[in-house]
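Chain identifiers are assigned alphabetically (A, B, ...) following the order of the sequence lines, protein sequences preceding nucleic acid strands; residue numbering begins at 1 within each chain. As the structure is a prediction and not an experimental result, all values here were calculated from the model.
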There are 2 protein chains.
Amino acid sequence: MPEETLDLTFAALADPTRRAILARLSRGEATVTELAEPFAMSQPAISKHLKVLERAGLISRGRDAQRRPCRIEGPALAAVNGWLETYRDIWDQNYRRLDAVLADMQADGKDTTGGH
Amino acid sequence: MPEETLDLTFAALADPTRRAILARLSRGEATVTELAEPFAMSQPAISKHLKVLERAGLISRGRDAQRRPCRIEGPALAAVNGWLETYRDIWDQNYRRLDAVLADMQADGKDTTGGH
DNA sequence: AGGTTCTGTAACCTAATGGTTATGGAAAGC
DNA sequence: GCTTTCCATAACCATTAGGTTACAGAACCT
């Protein structure tokens with residue numbers, strides 16, 4: 001909701017490595033080394049990325065002995081969706097078309113949706 | 001659709017000034033000076049922000065004599081929504097759970113979750 | 001023609017970003 | 001107890017980002 005949170009969230013999502021990490025986490029929890037494995041990048045680099053994602057609220061970290069399993073967090077993504085919703089009439093063409101259809105229906109009471 | 005485009009789009013959205021510009025443009029076209037007016041910032045700074053937004057495909061610029069009217073572009077925002085859609089089951093679920101929690105709290109203040 | 005308005009570009013500065021290597025610490029395994 | 005595994009932190013480096021001031025150019029207005 002706050003602007004500053006959106007700053008962090010969008011900034012976190014602006015990196016392809018971090019989006020790939022989220023894609024991986026969307027299929028279940030994973031440890032840092034598991035997350036680092038697919039990338040041609042050092043482990044500290046991944047740790048930094050995870051810190052960015054955590055600060056943005058996009059992931060959280062638990063504890064399993066030495067492991068630090070990461071889990072994706074929904075609310076931050078929901079906030080992005082919330083922001084995007086305010087622009088729905090702009091990007092969603094179907095929404096405009098529906099709007100036009102509803103306007104037609106209200107104009108003359110005829111069913112313009114049935115005769116495709 | 002391409003990863004690189006998402007990079008530019010998310011990065012563009014990570015700045016509050018640029019999101020404010022988009023909010024302004026969502027209510028109609030505006031020139032550079034019109035867009036710069038609300039901000040405690042120089043005009044070249046706004047021009048830079050507009051360049052970032054344009055490179056991200058979030059706005060386009062027309063021509064009206066010396067004016068360079070800016071218009072918001074839907075497809076880039078639709079791309080963000082498309083990316084977000086692949087995570088809908090994640091943030092939507094949490095949304096509902098939060099919703100349920102809030103409903104419980106508002107219902108009677110009793111602990112209906114069966115816990116502590 | 002000359003001045004004003006609107007906008008983009010260049011040069012510059014500071015701070016943040018994204019990567020590295022080196023190191024250290026906690027917990028498991030032998 | 002010693003080693004190994006997993007991870008974070010520190011120090012450093014190059015690049016990018018966001019801001020500034022100064023300037024230049026195009027189009028309008030006398």
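Each end of the helix from dA1(C)-dT30(D) to dC30(C)-dG1(D) gets its own axis, taken as the rotation carrying the C1' atoms of four end pairs onto the next four within a five-pair window, and the two axes meet at 10° to the nearest 10 degrees.
Atom CZ of R68(B) and atom P of dG25(D) are 15 Å apart (whole Å). Here dA8(D) presents its C1' atom at 16 Å from CZ of R55(A), a figure rounded to the nearest Å. Atom pair D15(A):CG and dT17(C):C1' shows a separation of 9 Å (rounding to whole Å applied). Straight-line distance from the CG atom of D7(B) to the C1' atom of dT15(D): 16 Å, rounded to whole Å. When rounded to the nearest whole Å, the span between CZ of F10(A) and C1' of dA17(D) equals 18 Å.
Remark: side-chain polar atoms of R18(B) are paired, donor with acceptor, to backbone N or O of A12(B) under 3.5 angstrom. The closest donor-acceptor contact from the side chain of Y87(B) to the backbone of A23(A) lies under 3.5 Å. Under a 3.5 Å cut-off, the side chain of R19(B) and the backbone N or O of L13(B) do form a donor-acceptor pair.
Here the NE2 atom belonging to H49(A) is positioned 15.0 Å from the CD atom belonging to E54(A), to the nearest 0.5 angstrom. Here the NZ atom belonging to K48(B) is positioned 13.0 Å from the OG1 atom belonging to T17(B), to the nearest 0.5 angstrom.
Between N81(A) and D92(B) there is no side-chain heavy-atom pair separated by less than 4.5 Å. You'll find the side chain of L22(B) reaches within 4.5 Å of the side chain of I59(B), heavy atoms only. You'll find the side chain of L25(A) reaches within 4.5 Å of the side chain of L35(A), heavy atoms only. Contact of the K51(A) side chain with the R61(A) side chain is registered, since non-hydrogen atoms from C-beta on lie closer than 4.5 Å.
Here R61(A) reaches the OP1 or OP2 of dA8(D): one of its side-chain N or O atoms lies under 4.0 Å away.
Donor-acceptor pairing under 3.5 Å is recorded for the side chains of S47(A) and Q43(A).
Under the 4.5 Å side-chain heavy-atom criterion for ILVMFWY residues, a single connected hydrophobic cluster contains both F10(A) and L84(B). In terms of hydrophobic clustering, with Ile, Leu, Val, Met, Phe, Trp and Tyr side chains grouped at heavy-atom distances under 4.5 Å, W83(B) and V52(A) are assigned to different clusters. Under the 4.5 Å side-chain contact rule for hydrophobic residues, M41(B) and L50(B) share a cluster.
Around CD of E4(B), the count of heavy atoms belonging to other residues, nucleotides or ligands within 6.0 Å does not exceed 12.
Proximity of residues 32-41 of chain A to DNA chain D (heavy atom under 4.0 angstrom from any strand atom) is restricted to V32(A), T33(A). Residues of residues 42-54 of chain B that place a heavy atom closer than 4.0 Å to DNA chain D, in numerical order, are S42(B), P44(B), A45(B), K48(B), H49(B). Remark: nothing in residues 17-28 of chain B comes within less than 4.0 Å of DNA chain C through any heavy atom.
Minimum heavy-atom separation, D7(A) to P16(B): OD2-CD, 3.3 Å.
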Show me the protein contacts with nucleotides 26-28 of chain C, counting only N or O atoms at under 3.5 Å.
from, atom 1, to, atom 2, distance (Å)
dA28(C), O4', Q66(A), NE2, 3.1

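For R68(B), the side chain to side chain donor-acceptor pair (under 3.5 Å) test picks out no residue, with sequence neighbours left out.
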